[in-house]
Amino acid sequence: MKIATYNVNGINGRLTVLLRWLKEDRPDIVCLQELKTVDERFPRKELRRVGYEAVWHGQKSWNGVAILAKGTLPLLTRRGLPGDPDDTHSRYIEAVVDGLLIGCLYLPNGNPAPGPKFDYKLRWFQRLQAYAAELLELEVPALLIGDYNVMPTDLDVYAPERWRDDALFRPEVRAAYAELVGQGWVDAVRHLYPEERIYTFWKYWRNSFERDAGLRIDHVLLSPAVAPCLRSASVRRRPRGWEHTSDHAPLMVELDLPKAAGQ
DNA sequence: ATGCCGGGTGATACCCGA
């Protein structure tokens with residue numbers, strides 16, 4: 001079972017890239033972020049043509065998340081993160097696929113910090129922590145996957161000193177991520193590669209990708225019920241080198257699930 | 001070593017992302 005997360009940076013503008021990558025890697029489940037489109041313009045037909053069913057939560061111009069599943073319709077369990085009825089951003093969608101509870105999230109960027117956007121980011125993180133704790137209590141195989149907009153440690157930044165005051169790296173945000181993981185979640189990439197520099201994002205300018213001046217901000221967190229099934233994790237760097245591509249690369253994990261999972 | 005690049009909106013300059 002291959003599960004991936006990919007911040008596409010505009011699903012319609014990057015559809016060629018997305019479809020090409022889906023054909024190459026054939027993930028079973030995909031969490032997408034930054035759709036940047038209203039629900040009506042989600043490319044359902046084009047995805048179906050290459051074998052994927054989908055649920056999505058769009059928004060005009062910004063944000064937007066979706067879950068794709070190969071050959072099966074994800075069973076939608078939630079649209080929007082609980083805890084604030086006034087939150088209008090489309091940043092969370094959740095579905096069950098093959099007995100796995102998949103939470104797909106796009107955590108706020110939070111810049112500039114300090115400021116109202118940074119406050120929103122911290123509040124959103126608190127809501128995520130509260131909800132993640134509820135998921136753990138269910139003791140089901142669950143995954144919280146997406147663009148967290150957090151580099152958890154110095155190892156996750158090409159030049160930590162330059163990012164100290166950034167909203168993606170401030171101590172409050174790293175502490176929030178550590179606290180979330182501390183609930184009992186397993187950061188798939190760090191678990192398998194405790195000391196390697198692994199990035200999922202590179203800026204468009206200054207040849208960041210070619211210089212490998214990147215950040216690790218996309219993460220796959222596994223609940224204790226599914227963590228023992230983790231077999232591999234890898235950043236799919238190839239699509240990042242294509243024309244008109246996203247500034248993120250897909251991150252993919254492979255699970256070796258027992259046949260009885262979810263039944 | 002900085003939104004320097006890049007998309008969306010809607011019409012041209014600003015908002016947003018990281």
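Convention: sequence-line order gives letters A, B, ...; per-chain numbering from 1.
At whole-Å resolution of the value, CZ in A:F201 and P in B:dG3 are 13 Å apart. Atom CG in A:N111 sits about 10 Å away from atom C1' in B:dG3, given to the nearest Å. Summarising the geometry, the separation between NZ on A:K203 and C1' on B:dC16 is reported as 16 Å, rounded to the nearest angstrom. Between the CH2 atom of A:W202 and the C1' atom of B:dG3 there is a distance of 19 Å, given to the nearest Å. Between the P atom of B:dG7 and the CZ atom of A:R41 lies a distance of 17 Å, rounded to the nearest Å. Atom CD1 of A:I11 is separated from atom C1' of B:dG6 by 18 Å (rounded to the nearest Å). Counting to the nearest Å, the P atom of B:dG8 and the CG atom of A:N63 are 14 Å from each other. In this structure, A:H248 atom NE2 and B:dG6 atom C1' are separated by 12 Å, rounded to whole Å.
Distance noted for atom P between B:dC14 and B:dT2: 23 Å (whole Å). Atom name P, nucleotides B:dC16 and B:dC4: the rounded distance is 16 Å, in whole Å. When the P atom is compared between B:dA13 and B:dA1, the two are found 32 Å apart, to the nearest whole Å.
Nucleic acid contact for A:N7: sugar-phosphate only, since backbone atoms but no base atoms lie under 4.0 Å from a heavy atom of the residue. Nucleic acid contact class of A:D247 (heavy atoms, under 4.0 Å, all strands): none. Looking at heavy-atom distances under 4.0 Å, A:N207 makes no contact with the nucleic acid at all.
A search for side chain to side chain donor-acceptor pair (under 3.5 Å) contacts involving A:Y148 returns nothing, not counting sequence neighbours.
Ranked by how close their nearest DNA chain B nucleotide is to the 5' end, A:L35 and A:R162 are led by A:R162. If A:Y106 and A:K60 are placed on DNA chain B by their nearest nucleotide, the residue sitting closer to the 5' end is A:K60.
Among B:dA1, B:dG17, B:dC15, the nucleotide with an atom closest to any side-chain atom of A:E34 is B:dG17. You'll find that the side chain of A:S61 is closest to B:dT9, out of B:dA1, B:dT9, B:dG7. Minimum atom distance to the side chain of A:Y204 is reached by B:dG6, of the listed B:dG8, B:dG6, B:dG7.
Using a cutoff of 4.0 Å between basic side-chain nitrogens and carboxylate oxygens, A:D187 and A:R216 are scored as salt-bridged. Ionic pairing of A:K2 and A:D28 is not present here: no N-O contact between side-chain nitrogen and carboxylate oxygen is shorter than 4.0 angstrom. Salt bridge annotation for A:D25-A:R238: absent, with no cationic side-chain nitrogen under 4.0 angstrom from a carboxylate oxygen.
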In sequence, state the C-alpha distance, the side-chain angles, and the governing distance for A:Y199 and A:R240, and then conclude on side chain to side chain donor-acceptor pair (under 3.5 Å). CA-CA 11 Å; A:Y199 305 131; A:R240 183 61 181 79; over 6 Å; no
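Residue pairs meeting the salt bridge (charged side-chain N to carboxylate O under 4.0 Å, His left out) criterion with at least one member in residues 112-133 of chain A, sequence neighbours excluded, are A:D87-A:R127.
For the contact set between residues 234-245 of chain A and DNA chain B, defined by any heavy atom under 4.0 Å, there are no members.
Residue A:D154 comes nearest to A:P160 through the heavy atom pair O-CG, 3.6 Å, listed as atom of the first residue, atom of the second, then distance.
An OP1 or OP2 oxygen of B:dC16 is reached within less than 4.0 angstrom by a side-chain nitrogen or oxygen of A:K117. For B:dG7, the OP1/OP2 oxygens have a side-chain nitrogen or oxygen of A:R14 closer than 4.0 Å.
With rounding to the nearest 0.5 Å, the separation of CD in A:E137 from CD in A:E134 is 7.0 Å.
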